[in-house]
Amino acid sequence: MGVSFSSINRWESGKTKPNMSAMNKIKDFCETQGIDFSALEAEWNARFNLAVY
């Protein structure tokens with residue numbers, strides 16, 4: 001996915017949150033693997049006050 005282990009570690013520990021580019025990579029990965037991304041996307045959008053259309 002092109003995301004470093006240290007970035008993922010910071011996300012999991014709550015020190016940082018993925019940026020838009022990283023979220024797009026995660027979404028693409030989930031879609032190709034048949035993983036439901038909707039809950040994660042909704043939470044991310046709510047945190048950053050983004051509208052979902």
Listed once per pair and sorted, the salt bridge (Lys or Arg N to Asp or Glu O under 4.0 Å) pairs that draw on residues 11-24, sequence neighbours left out: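 Listed by first then second residue: nothing to list.
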Show which side-chain atoms of residues 23-35 pair as donor or acceptor with protein atoms under 3.5 Å away, not counting sequence neighbours.
residue: N24; atom: ND2; partner: M20; partner atom: O; Å: 3.3
residue: K27; atom: NZ; partner: E41; partner atom: OE2; Å: 3.0
residue: T32; atom: OG1; partner: D28; partner atom: O; Å: 3.3
residue: T32; atom: OG1; partner: F29; partner atom: O; Å: 2.9

Residues in side-chain hydrogen bond (donor to acceptor under 3.5 Å, both in side chains) contact with D36, at least two apart in sequence or another chain: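 Listed in chain order: S38.
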Results of side-chain hydrogen bond (donor to acceptor under 3.5 Å, both in side chains) for S7 - residues two or more places apart only: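 Partners of S7 under the side-chain hydrogen bond (donor to acceptor under 3.5 Å, both in side chains) test: S4, R10.
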